[in-house]
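The block underneath contains the structure these notes are about, expressed in structure tokens.
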Amino acid sequence: MAQKEIEAFETTAGQVTEVLKRLGVSKERRITVMIEPDDWLTKARQESRRLVMEAGLSDDEIDRLIEQARSEVQQHLG
């Protein structure tokens with residue numbers, strides 16, 4: 001993990017320690033944990049993530065699609 005400055009992941013509270021161990025984060029390293037409210041937006045994000053993963057899209061492909069959509073919107077705005 002030393003090669004990356006920021007590592008983001010989504011998991012359950014009970015799996016945080018397991019994920020951190022898997023990523024090789026030492027127990028002494030300071031981290032920030034964000035707890036999202038359990039509301040419709042969280043559920044929508046989780047469902048969207050599931051669909052994206054089922055479609056077999058990589059993070060790079062998702063980033064490319066977002067950038068493409070952003071460019072298309074910019075063109076229409078003038």
Side-chain angles (χ1 to χ4, degrees):
M1 193 165 136
Q3 296 172 346
K4 297 179 182 178
E5 289 188 25
I6 296 175
E7 180 75 26
F9 60 88
E10 184 175 331
T11 189
T12 64
Q15 295 175 330
V16 170
T17 303
E18 177 184 321
V19 172
L20 293 173
K21 284 181 184 178
R22 185 168 27 98
L23 291 173
V25 178
S26 72
K27 291 182 179 182
E28 294 77 27
R29 183 168 180 173
R30 297 189 58 80
I31 64 167
T32 301
V33 176
M34 180 176 72
I35 302 171
E36 294 183 355
D38 191 19
D39 59 6
W40 67 270
L41 183 56
T42 300
K43 290 179 175 119
R45 286 179 180 163
Q46 291 170 343
E47 179 64 13
S48 297
R49 178 84 174 142
R50 184 186 67 76
L51 294 172
V52 167
M53 292 174 71
E54 283 180 6
L57 295 174
S58 70
D59 287 339
D60 289 340
E61 290 168 320
I62 295 166
D63 290 343
R64 182 185 54 77
L65 290 170
I66 290 170
E67 189 55 41
Q68 179 182 343
R70 188 176 288 139
S71 295
E72 290 173 4
V73 168
Q74 293 288 337
Q75 289 173 3
H76 285 88
L77 293 176

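Just so it is clear, the model here is predicted, and its values are computed rather than measured.
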Hydrophobic cluster identity match, Val73 and Leu65, side-chain contacts under 4.5 Å
no
Ion pair present between Glu67 and Arg64, side-chain N to carboxylate O less than 4.0 angstrom?
no
What are the two closest heavy atoms between Glu72 and His76, and how far apart are they?
O-ND1, 2.7 Å
Same apolar cluster (I L V M F W Y, side chains within < 4.5 Å links), Val19/Ile31:
yes
Glu18 side chain to Gln15 main-chain N or O, any donor-acceptor pair under 3.5 Å?
no
Please determine whether residues Met34 and Val16 belong to a single hydrophobic cluster, defined as Ile, Leu, Val, Met, Phe, Trp and Tyr linked transitively by side-chain heavy-atom distances below 4.5 Å.
no
Using the salt bridge (Lys or Arg N to Asp or Glu O under 4.0 Å) criterion, which residues pair with Lys43? Sequence neighbours excluded.
Asp38
Distance-minimising heavy-atom pair for Glu61 and Leu57
OE1-CA, 3.2 Å
Separation of Arg22 CZ from Thr11 OG1 (nearest 0.5 Å)
7.5 Å
Side chain to side chain contact (heavy atoms under 4.5 Å, CB included) assessment of Gln46 paired with Arg50:
CA-CA 6 Å; Gln46 291 170 343; Arg50 184 186 67 76; over 6 Å; no
